[in-house]
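Note that this is a predicted model, so its numbers are computed, not measured. Index from 1, following the sequence.
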Amino acid sequence: MRLSVNGFSLGVRQLGPDFVILRETVEHEPCEGVMFLSIDGREQRWRVKLEKGISAAEVRTPMVAVV
């Protein structure tokens with residue numbers, strides 16, 4: 001699993017229905033990104049919105065799928 005934000009690929013430790021826990025601690029302003037999930041060689045991707053951005057001080061990063 002990984003999250004792509006503005007050309008950066010961030011490793012994902014855990015993915016929930018409305019949050020993501022990243023492997024790296026980073027700071028990023030609110031933005032949209034693309035979540036990538038690969039299971040048995042089949043990749044799924046979908047757009048997400050990080051309305052509060054990414055904070056290195058927070059474990060969970062809230063996100064919303066963009067439809």
Student: Could you pull out the closest heavy-atom pair between Leu15 and Met35, with the gap in Å?
Tutor: CD1-CE, 3.9 Å
Student: Run the side-chain contact (heavy atoms from CB on, under 4.5 Å) test on Phe19 and Gln14 for me, step by step, so that the C-alpha distance in whole Å, both residues' side-chain angles and the decisive distance to 0.1 Å come before the verdict.
Tutor: CA-CA 8 Å; Phe19 72 91; Gln14 184 177 348; 3.9 Å; yes
Student: Can Trp46 be reached from Leu22 by stepping across I, L, V, M, F, W or Y side chains whose heavy atoms are under 4.5 Å apart?
Tutor: yes
Student: Does CD belonging to Glu58 count more than 12 external heavy atoms closer than 6.0 Å?
Tutor: no
Student: Please give me the minimum heavy-atom distance between Ala56 and Thr25, naming the atom from each residue.
Tutor: CB-CB, 3.9 Å
Student: Rounded to the nearest 0.5 Å, how far does CD of Glu24 lie from OG of Ser9?
Tutor: 8.0 Å
Student: Hey, what do you get for CG (Leu3) to CD1 (Ile54), rounding to the nearest 0.5 Å?
Tutor: 5.5 Å
Student: Counting only heavy atoms not in Arg23 (residues, nucleotides, ligands), do more than 12 fall under 6.0 Å from its CZ?
Tutor: yes
Student: Closer than 4.0 angstrom, basic N to acidic O: yes or no for Glu43 and Arg45?
Tutor: yes
Student: About how many Å separate CZ of Arg13 and CD1 of Ile21, when rounded to the nearest 0.5 Å?
Tutor: 8.0 Å
Student: Below 4.0 angstrom, N of the basic side chain to O of the carboxylate: do Glu29 and Lys52 qualify?
Tutor: no
Student: Give the minimum heavy-atom separation between Val5 and Gly33, together with the two atoms involved.
Tutor: CG2-CA, 4.5 Å
Student: Going by side chain to side chain contact (heavy atoms under 4.5 Å, CB included), Thr61 matches just one of Val26, Leu10, Val20, Val12. Which one?
Tutor: Val20
Student: Is Met1 linked to Val48 within one hydrophobic cluster, defined over Ile, Leu, Val, Met, Phe, Trp and Tyr using a side-chain heavy-atom separation of less than 4.5 Å?
Tutor: yes
Student: Could you walk me through whether Leu50 and Glu32 pass side-chain contact (heavy atoms from CB on, under 4.5 Å), step by step?
Tutor: CA-CA 6 Å; Leu50 306 172; Glu32 287 193 7; over 6 Å; no
Student: Could you go through the side-chain contact (heavy atoms from CB on, under 4.5 Å) check for His28 and Asn6 one step at a time?
Tutor: CA-CA 10 Å; His28 200 287; Asn6 293 333; 3.0 Å; yes
Student: Mark yes when over 12 heavy atoms from residues, nucleotides or ligands other than Phe8 sit less than 6.0 Å from its CZ; otherwise mark no.
Tutor: no
